[in-house]
Every structure is written in structure tokens, then in C-alpha cells.
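Everything below concerns the one structure shown next.
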Amino acid sequence: MMNMQNVMRQAQKLQKQMEKKQAELAAATFTGKSAQDLVVATFTGDKQLVSIDFKSDVVDPEDVETLQDMTIQAVNDALKQIEDETQKTMGAFAGKLPF
């Protein structure tokens, strides 16, 4: 059976590794795109919107709904990428916990 001191050391080590991975994830950028890349949204890993770009082809004053739909699609695509990467990165620590 592990002694408590070893458990605490291992937990502290894992905490430092998790903090490092969280910082790396927050610094990463994720780019979501709509159909045909007409709308592109870029986020940081901590879900902050950095930029949103519209191709001139999609900007039609007579059809604002399409622009709105494509913007939602691009934003949701980027947020899904962040969620997937967070699960992959941080989920790896779950199996390493000493308790």
C-alpha cells in the first residue's frame, strides 16, 4: 500500500502537469469554419473569440439569415474543437490519479 507522503507527492506532480497542460490549451488557437469556409471564427483554448472573418460572397444585405447561420456554424465548430481537445488533454490525467 502506498504511503501518504508518496500519494501527496504524486498528486502534486500531477497537479503541476495539469496546470501546464491547461496553460498550453488556453494559449492554443482553434479555427472553426462554416460551409465553403465563407465564415471563419478563431478562438483561444479558453474560449475567447479572437477573430471572425466573412468572405465577401456571404455578405448580402438581402440575406442576413444565411450570414447568421454560417456564423453560428463556424463558432460552434471552433468551440467543439476546443471541447474535444480539452477532453483529450485533460481526460488523460483521470487515470493517473493515485487514489
Side-chain angles (χ1 to χ4, degrees):
M1 184 172 182
M2 289 184 135
N3 70 34
M4 191 56 137
Q5 193 173 31
N6 284 343
V7 170
M8 291 302 293
R9 254 187 269 144
Q10 189 174 0
Q12 287 173 339
K13 180 180 175 185
L14 284 173
Q15 181 178 2
K16 287 179 184 176
Q17 290 173 343
M18 285 176 62
E19 288 170 356
K20 180 181 176 192
K21 289 294 185 184
Q22 285 174 325
E24 289 172 1
L25 186 61
T29 58
F30 297 84
T31 302
K33 299 176 181 181
S34 70
Q36 301 171 1
D37 298 346
L38 294 173
V39 178
V40 177
T42 303
F43 283 82
T44 59
D46 57 355
K47 300 181 183 175
Q48 298 299 306
L49 182 62
V50 175
S51 70
I52 191 156
D53 299 308
F54 304 98
K55 299 279 188 207
S56 59
D57 299 353
V58 78
V59 181
D60 179 358
E62 302 296 319
D63 187 13
V64 174
E65 292 82 15
T66 297
L67 180 59
Q68 291 169 334
D69 290 345
M70 289 188 162
T71 302
I72 291 167
Q73 185 180 20
V75 167
N76 286 336
D77 181 42
L79 291 174
K80 173 135 179 35
Q81 291 177 41
I82 294 168
E83 184 64 30
D84 291 348
E85 186 64 23
T86 300
Q87 288 295 325
K88 185 173 90 177
T89 301
M90 302 313 290
F93 288 99
K96 296 180 181 178
L97 296 175
F99 42 86

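- At a threshold of 4.5 Å between non-hydrogen side-chain atoms, the residues Gln73 and Val39 do not count as touching.
- Rounded to the nearest 0.5 Å, atoms CE (Met4) and CZ (Arg9) are 12.5 Å apart.
- Linking Ile, Leu, Val, Met, Phe, Trp and Tyr residues whenever their side-chain heavy atoms come within less than 4.5 Å places Phe30 and Leu49 in a single cluster.
- Gln5 CD: 12 or fewer foreign heavy atoms inside a 6.0 Å radius.
- Applying the salt bridge (charged side-chain N to carboxylate O under 4.0 Å, His left out) rule to Asp46 yields no partners; only residues at least two apart in sequence or on another chain are considered.
- Counting only heavy atoms from C-beta outward, the side chains of Thr31 and Phe43 never approach each other to under 4.5 Å.
- The two residues Met18 and Met90 come nearest to each other via the heavy atoms O-CE, 3.8 Å.
- Looking only at atom types and distance, the side chain of Glu85 has a donor-acceptor partner in the side chain of Thr89 under 3.5 Å away.
- Between the OG1 atom of Thr42 and the CD1 atom of Ile52 there is a distance of 9.0 Å, given to the nearest 0.5 Å.
- Under the 4.5 Å side-chain heavy-atom criterion for ILVMFWY residues, no single connected hydrophobic cluster contains both Ile72 and Val50.
- Across every non-hydrogen atom of Ala78 and Ala41, the tightest pair is CB-O, 4.0 Å.
- With hydrogens and angles left out, the side-chain atoms of Asp69 and Thr66 include no donor and acceptor closer than 3.5 Å.
- For the atom pair CD1 (Ile82) and CD (Gln48), the distance works out to 9.5 Å, reported to the nearest 0.5 Å.
- With rounding to the nearest 0.5 Å, the separation of CG in Asp53 from CG in Leu38 is 12.0 Å.
- Nearest heavy-atom pair, Val58 versus Met70, reported as atom, atom and distance to 0.1 Å: CG2-SD, 3.4 Å.
- In this structure, the side chains of Val40 and Phe54 stay at 4.5 Å or more apart for every pair of heavy atoms.
- For the atom pair CD of Gln22 and OG1 of Thr86, the computed distance is 9.0 Å after rounding to the nearest 0.5 Å.
- Here the CD atom belonging to Gln15 is positioned 4.5 Å from the CD atom belonging to Glu19, to the nearest 0.5 angstrom.
- Although no hydrogens or angles enter the test, the distance criterion places no donor-acceptor pair under 3.5 Å between the side chain of Thr29 and the main chain of Thr44.
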- Decide salt bridge (charged side-chain N to carboxylate O under 4.0 Å, His left out) for Lys88 and Asp84; before the verdict, give the C-alpha distance in whole Å, the side-chain angles of both, and the deciding distance to 0.1 Å. CA-CA 6 Å; Lys88 185 173 90 177; Asp84 291 348; over 6 Å; no
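- The two atoms that bring Asn3 and Asn6 nearest to each other are OD1-N, 2.8 Å, heavy atoms only.
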